[in-house]
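Reading through the structure tokens given below for one structure.
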Number of protein chains: 2
Amino acid sequence: MRIGEVADRAGVSTRALRYYEEQGLIAPERTGSGQRSYAESAVERVQMIQQFFTAGLPSRTIRQLLPCVDTGHGSPEAFAMLAAERDRITAAMADLAAARDALDALIDLAHHPTPEHCPALRDPAWSSYDAGLVRA
Amino acid sequence: MRIGEVADRAGVSTRALRYYEEQGLIAPERTGSGQRSYAESAVERVQMIQQFFTAGLPSRTIRQLLPCVDTGHGSPEAFAMLAAERDRITAAMADLAAARDALDALIDLAHHPTPEHCPALRDPAWSSYDAGLVRA
DNA sequence: CTAGGACCTGACGTTGACGTCAAGGGCAAG
DNA sequence: CTTGCCCTTGACGTCAACGTCAGGTCCTAG
């Protein structure tokens with residue numbers, strides 16, 4: 001499979017695929033004339049890489065954890081890194097939830113007929129807002 | 001309050017505060033000699049700004065939504081933007097959850113005595129993994 | 001054989017939220 | 001007065017994940 005097809009099927013640009021190779025995340029074969037030749041599994045691999053990028057992991061970290069995916073096991077250090085990243089992601093999710101709740105509070109505020117600058121925001125509620133359910 | 005104290009109390013750098021002002025997110029007073037003079041409420045405001053930055057909102061968007069915070073109500077467009085950002089954040093949380101589950105699967109894999117490259121990863125499980133509870 | 005599309009390498013451009021350095025001004029203590 | 005810390009503006013540096021362009025190669029269809 002050539003680079004264009006992988007790009008199409010994985011939903012990324014060819015530039016991104018070359019970048020991933022440059023970063024040591026994929027190692028496609030080469031034809032005699034120098035063109036990249038990807039295995040079928042490359043599509044899934046690229047999608048997984050994308051997923052980690054989306055989660056905010058830098059390429060260096062992804063490069064470190066991919067061997068675990070390939071070999072199916074990892075050294076203790078690799079294991080610690082996986083756990084650390086998992087925790088980072090969990091923390092990021094909490095931050096997102098807090099921001100979303102803040103937005104929900106604003107939306108709620110905007111929905112009110114605004115009697116007179118109803119409070120419930122400026123006080124200490126920015127972190128402890130208890131996840132109200134507001135739906136459009 | 002001068003810039004250094006605000007920076008300390010809000011947990012950001014003075015550079016960041018000047019950047020926020022440059023981006024139109026805060027408008028501190030000025031003393032006769034040109035030094036910035038912040039109100040007490042600036043600390044909370046900066047923390048809120050930080051929260052939105054952490055959630056991935058660009059400064060331009062934050063600038064648009066801050067008037068809603070200040071006035072306590074918003075135009076219909078502002079309301080639509082708030083809802084759009086809320087949805088973006090929700091989507092980002094889903095992406096994070098998927099990546100975290102992928103990492104959990106890897107961690108689980110690393111915990112196994114690795115009998116023979118146990119599957120459960122490469123197949124279609126990257127999005128539908130059912131949030132197993134693994135704790136260090 | 002030739003047109004045109006896909007591919008190659010190399011290299012510079014982009015964006016956002018700041019970091020960092022340079023060169024000076026303001027201000028309370030001693 | 002001067003020492004020293006905080007403040008000012010201005011401007012360039014950074015980092016990551018690519019986008020984009022340039023100039024050349026490969027390959028397949030007609």
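In what follows, every chain begins at residue 1, and chains take the letters A, B, ... in the order their sequences are listed. Everything quoted here is computed from the prediction, not taken from an experiment.
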For a quick test of reading the model: is some side-chain N or O of B:Thr14 closer than 4.0 Å to OP1 or OP2 of D:dC7? no

Just to be sure I understand the rule, does A:Arg60 reach a base, reach only the sugar-phosphate, or reach nothing, if contact means heavy atoms closer than 4.0 Å? nothing

Which nucleotide sits closest to the side chain of B:Ser13: D:dC7, C:dA17, C:dG19? C:dG19

Calculate the interatomic distance between B:Gln35 atom CD and C:dC27 atom P; express it in whole Å. 6 Å

Is a side-chain donor-acceptor pair under 3.5 Å present for A:Glu29 with A:Ser37? no

Separation of atom CZ in B:Phe52 from atom P in C:dG16, rounded to whole Å: 19 Å

Between B:Ser33 and B:Gln35, do the side chains contain a donor N or O and an acceptor N or O under 3.5 Å apart? no

Non-hydrogen side-chain atoms of A:Arg2 and A:Glu5 separated by less than 4.5 Å: no

Given atom CZ of B:Arg63 and atom P of C:dA17, what is their separation to the nearest angstrom? 10 Å

Distance check, rounded to the nearest 0.5 Å: A:Leu57 atom CG versus A:Ile89 atom CD1? 5.0 Å

Kindly say if A:Arg30 contacts the phosphate of C:dC7, meaning a side-chain N or O under 4.0 Å from OP1 or OP2. no

Side chain of B:Ser59 only, heavy atoms from C-beta on: which candidate in C:dA17, C:dC18, C:dG26 is closest? C:dA17

The nucleotide from D:dA17, C:dC8, D:dC7 with an atom nearest the side chain of A:Pro58 is D:dA17

Would the base of C:dT20 count as contacting B:Arg15 through its side chain, where contact means a donor and an acceptor less than 3.5 Å apart? yes

So if I take every side-chain heavy atom of A:Arg2 and compare against C:dC7, D:dC18, C:dC27, which nucleotide ends up nearest? C:dC7

Distance, rounded to the nearest Å, where B:Leu57 contributes CG and C:dT15 contributes C1': 16 Å

Quick one: pull up CD1 in B:Ile49 and CZ in B:Arg63 and give me the separation to the nearest 0.5 Å. 11.5 Å

If the cut-off is 4.0 Å, is B:Tyr19 near the phosphate of C:dC18, judged by side-chain N/O to OP1 or OP2? no

Confirm from the modelled atom types if B:Arg18 and D:dT8 form a donor-acceptor pair under 3.5 Å, side chain to base only. no

Could you check how far CG of B:Leu17 sits from P of C:dG19, rounded to whole Å? 10 Å

Gap between atoms CD and C1', on B:Glu22 and D:dC12 respectively (whole Å): 13 Å

Has A:Ser33 got a side-chain N or O lying under 4.0 Å from the OP1 or OP2 atom of C:dC8? no

Quickly work out the A:Arg36 CZ to C:dT9 C1' distance and round it to whole Å. 9 Å

Just how far, in rounded Å, is P of C:dC8 from CD of A:Glu29? 14 Å

Within the structure, does a side-chain N or O atom of B:Tyr20 lie under 4.0 Å from either OP1 or OP2 of C:dA17? no

